[in-house]
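Working notes, beginning with the structure itself.
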Amino acid sequence: MTHEVNSRPLPPAATSAPAAAASPSLMDRVDAGLEWLWHFLSSMRLAMVLMLAIAVLGVAGSLLMQIPRDVVGNPASEQLWVESVRPRYGGWTDLFTTLGLFNVFNSVVFRILVAALTISLVACSIHRIPGMIRTARNPRVDVGPAFFEHAPQHEAIVARRPIAETGAVLTDVLRARHYRTLTTDDGTVHVYADRFRWAPFAGLIGHLSLVLIMAGAIIGGMFGYRNAQFMISEGETLPIGAEPGVTLQLLDFSDKYDTTTGAPIDYASSVVLSRDGQEIERHVIRVNDPLRYNGTTLYQAFFGASAIVTVKDSSGKVLVASSGVPLAYRDENDAAFGTVAIPGSSYTAEVTSTTGGADPNIKPGQVKFGIYTPGASQFTDVKVIDQGTAVKIGDLTVTFEREGQFAGLNVARDPGVGLVGIGAVLLFFGFLGRFTIPHKRIWGRITAHGTNGAVVGLATLTSKNVTAGSDFESLVTDIRAALAAPTKA
């Protein structure tokens with residue numbers, strides 16, 4: 001459409017130069033920035049990218065050993081722990097350490113990603129809520145005729161009834177199927193019907209449940225404790241780390257096997273839990289019977305042989321008194337070995353036995369004992385020791401007393417597990433409701449046909465599949481039958 005505007009020029013004295021466009025004010029810039037930030041945070045694309053990044057880090061953290069929380073923050077202890085896992089990861093150890101893959105769930109990057117995803121999911125949910133409420137409470141009833149031609153499923157029915165009577169029959173059939181119906185009349189009768197109008201909120205609950213799960217994970221990561229490599233030899237007493245002042249003593253470890261098949265039957269660690277020297281509880285930890293205390297759980301995870309050694313310094317001071325070194329790793333000869341930091345010295349010791357291996361230099365009843373400085377590429381000194389014999393190694397005197405056993409426990413305390421549990425339940429029921437109770441919506445449009453007839457257009461947004469297609473087709477069949485039935489007197 002062309003608009004014509006008639007005007008006459010102003011006198012020259014009144015003519016002025018075009019005004020420059022006003023530059024946006026500071027508040028305008030702030031508003032524009034906040035609006036951009038809101039749209040960015042509520043973007044589903046951002047949520048997907050964050051979920052993918054978290055999934056990648058989560059897989060890495062699950063596959064790689066994670067440094068215990070009580071070691072984090074102590075450079076010397078961290079270095080000793082890294083050296084203890086170097087036999088398992090070899091040349092990859094330094095790269096994994098640099099990338100922080102041994103401390104994934106406590107890393108700043110992981111926490112930032114989880115926090116960002118939590119904020120993004122909350123923003124997405126808040127962004128969707130007004131539209132969902134509007135759709136549930138005040139849906140659009142009148143839609144144009146093109147919708148009834150291009151909707152995923154649509155049908156047209158010719159009725160030999162007036163428009164008003166046809167509309168009444170249509171709404172009766174829909175209500176008999178438990179549909180809510182809304183009608184408007186602007187010369188054309190528009191009908192909207194739906195079932196389970198609040199069902200989409202189940203999906204929203206499912207999404208918000210992820211927020212609870214991640215909040216629980218954040219709380220667990222910040223305030224929880226996990227050590228999947230807690231190793232203790234028989235007769236030893238060690239602090240468990242998760243609870244200040246709490247120690248665990250391993251009285252005995254036993255393992256039983258089926259005499260026919262050799263399959264394991266039972267692993268049991270008989271322990272004493274104490275706090276500040278006072279006994280709290282005695283318990284036999286089994287695979288399916290962990291020890292629980294004050295929110296901390298100790299699970300039976302693995303076991304193996306240990307070497308009981310005594311180490312003295314050059315002055316005769318005992319640095320390690322009849323302590324077990326868990327032989328939890330395997331070298332290139334498949335011989336079992338373990339590492340231990342020597343307190344009161346700068347050395348870490350590596351103890352290798354003949355258990356499971358074929359090293360010709362180590363005979364039964366002997367161990368190889370080497371000392372090195374963490375980060376060094378070779379031993380400071382290394383010797384093979386006979387059981388019961390004191391041997392000078394470097395400036396230390398080492399005695400291999402006997403072989404023993406150790407128990408490997410998983411020590412965990414997770415204050416966020418309650419939120420994770422609630423979130424998991426909501427996630428299950430939210431998505432169960434979303435996928436099993438679909439929001440069904442149908443639009444109808446009734447127009448006059450001839451002198452005393454009507455045409456009923458029906459359409460739905462549901463894509464045609466076995467379930468939804470048969471439901472819509474069944475409804476159309478019922479409507480046809482009702483419209484074709486004789487009019488009641």
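For the residue pair E350 and T339, no side-chain donor N or O sits within less than 3.5 Å of a side-chain acceptor on the partner. In this model, a donor atom of one side chain and an acceptor atom of the other lie less than 3.5 Å apart for E236 and S323. A side-chain donor-acceptor contact under 3.5 Å links E401 and T310. At a cut-off of 3.5 Å, with distance as the only test, no side-chain donor of N294 or T296 sits close to an acceptor on the other residue. R441 and T135 share no side-chain donor-acceptor pair at under 3.5 Å. Side-chain polar atoms of T460 and Q153 form no donor-acceptor pair below 3.5 angstrom.
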V271/L251 under side chain to side chain contact (heavy atoms under 4.5 Å, CB included): CA gap, chis, key distance, verdict = CA-CA 5 Å; V271 301; L251 300 177; over 6 Å; no

Run the numbers on F102 and Y89 for ring pair (Phe, Tyr, Trp, His ring centres under 6.0 Å), then give the verdict.
-> CA-CA 11 Å; F102 289 133; Y89 299 109; 5.4 Å; yes

Verify side chain to side chain contact (heavy atoms under 4.5 Å, CB included) between I362 and T352, making sure each step is shown before the conclusion.
-> CA-CA 9 Å; I362 308 175; T352 307; 4.0 Å; yes

Verify side chain to side chain contact (heavy atoms under 4.5 Å, CB included) between Y299 and V411, making sure each step is shown before the conclusion.
-> CA-CA 7 Å; Y299 303 90; V411 183; over 6 Å; no

Yes or no on side chain to side chain contact (heavy atoms under 4.5 Å, CB included) for H154 and F472, after CA distance, side-chain angles and deciding distance?
-> CA-CA 9 Å; H154 56 274; F472 181 76; 5.6 Å; no

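Taking the side chain as every heavy atom from C-beta outward, Q387 and V367 never approach each other to under 4.5 Å. Between K368 and N361 there is no side-chain heavy-atom pair separated by less than 4.5 Å. Between L34 and R29, the closest side-chain pair of non-hydrogen atoms is not below 4.5 Å. Within the 4.5 Å cutoff, the side chain of V351 has no heavy atoms near those of the F400 side chain. Contact check for I342 versus V320: side-chain heavy atoms found under the 4.5 Å cut-off. You'll find the side chain of V325 stays beyond 4.5 Å of the side chain of S306, heavy atoms only. Looking at heavy atoms from C-beta onward, F96 lies in side-chain contact with L64 at the 4.5 angstrom threshold. Proximity of T380 to T373: side-chain heavy atoms (C-beta onward) are separated by under 4.5 Å at one or more points.
Expressed to the nearest 0.5 Å, how far CG of L291 lies from CD1 of I285 amounts to 5.0 Å. Rounded to the nearest 0.5 Å, atoms CD1 (I232) and OG1 (T237) are 6.0 Å apart. We find the CG-CG distance between N410 and L298 to be 8.5 Å, quoted to the nearest 0.5 Å. Annotation: the span from I308 atom CD1 to T399 atom OG1 amounts to 13.0 Å, rounded to 0.5 Å. Put simply, CZ on R275 and CD on E281 are 13.5 Å apart, with the number rounded to the nearest 0.5 Å. Between atom OG1 of residue T118 and atom CG of residue L212 there is a gap of 9.5 Å, rounded to the nearest 0.5 Å.
Contact between F147 and A459 at its shortest, heavy atoms only, is CE2-CB, 3.6 Å. Nearest heavy-atom pair across K363 and Q366 is N-OE1, 2.8 Å. What you find for A60 and L101 is that their closest heavy atoms are CB-CD2, 4.3 Å. When all heavy atoms of A407 and S269 are compared, the closest pair comes out as CB-OG, 3.3 Å. Contact record, L327 with G338: CD2-N, 3.7 Å, taken as the closest heavy-atom pair. Contact record, F302 with L409: CE2-N, 4.5 Å, taken as the closest heavy-atom pair.
For an aromatic pair to be called close, the ring centres must be under 6.0 Å apart, and W198 with F201 satisfies this. Ring centroids of F253 and F406 are separated by 6.0 Å or more, keeping the two rings apart. For Y347 and F379, the distance between ring centers is not under 6.0 angstrom.
Taking the six-membered ring for Trp and thresholds of 30 and 60 degrees, F303 and Y267 have ring planes inclined between 30 and 60 degrees apart. Relative ring orientation between H39 and H127 is described as perpendicular, the plane-to-plane angle rising above 60° on a 0-90° scale split at 30° and 60°.
Note on R86 versus D94: salt bridge recorded, some NZ/NE/NH1/NH2 to OD/OE distance being below 4.0 Å. K440 has a carboxylate O that lies under 4.0 Å from a charged side-chain N of D471, or vice versa, which qualifies the two as a salt bridge.
Of the possible polar contacts, none joining the S120 side chain to the L117 backbone as a donor-acceptor pair under 3.5 Å is found. For the pair D386 (side chain) and T389 (backbone), a donor-acceptor distance under 3.5 Å is absent. Judged by distance alone, with hydrogens and angles left aside, the side-chain atoms of N103 form no donor-acceptor pair with the main-chain N or O of S107 at under 3.5 Å. Checked by atom type and distance alone, the side chain of R197 pairs as donor or acceptor with a backbone atom of A136 at under 3.5 Å. Remark: the backbone N or O of Y293 is not paired with any side-chain donor or acceptor of R413 at under 3.5 angstrom.
Around atom CZ of F429, no more than 12 heavy atoms belonging to other residues, nucleotides or ligands sit under 6.0 Å away. Remark: W92 CH2 is loosely packed, at most 12 non-hydrogen atoms of other residues, nucleotides or ligands lying under 6.0 Å away. Residue K383 places its NZ atom among more than 12 non-hydrogen atoms of other residues, nucleotides or ligands, all under 6.0 Å distant. Within a 6.0 Å sphere centred on CD of E279, heavy atoms belonging to other residues, nucleotides or ligands number more than 12.
Sequence neighbours left out, the pairs with a member in residues 245-266 that pass salt bridge (Lys or Arg N to Asp or Glu O under 4.0 Å) are D266-R286.
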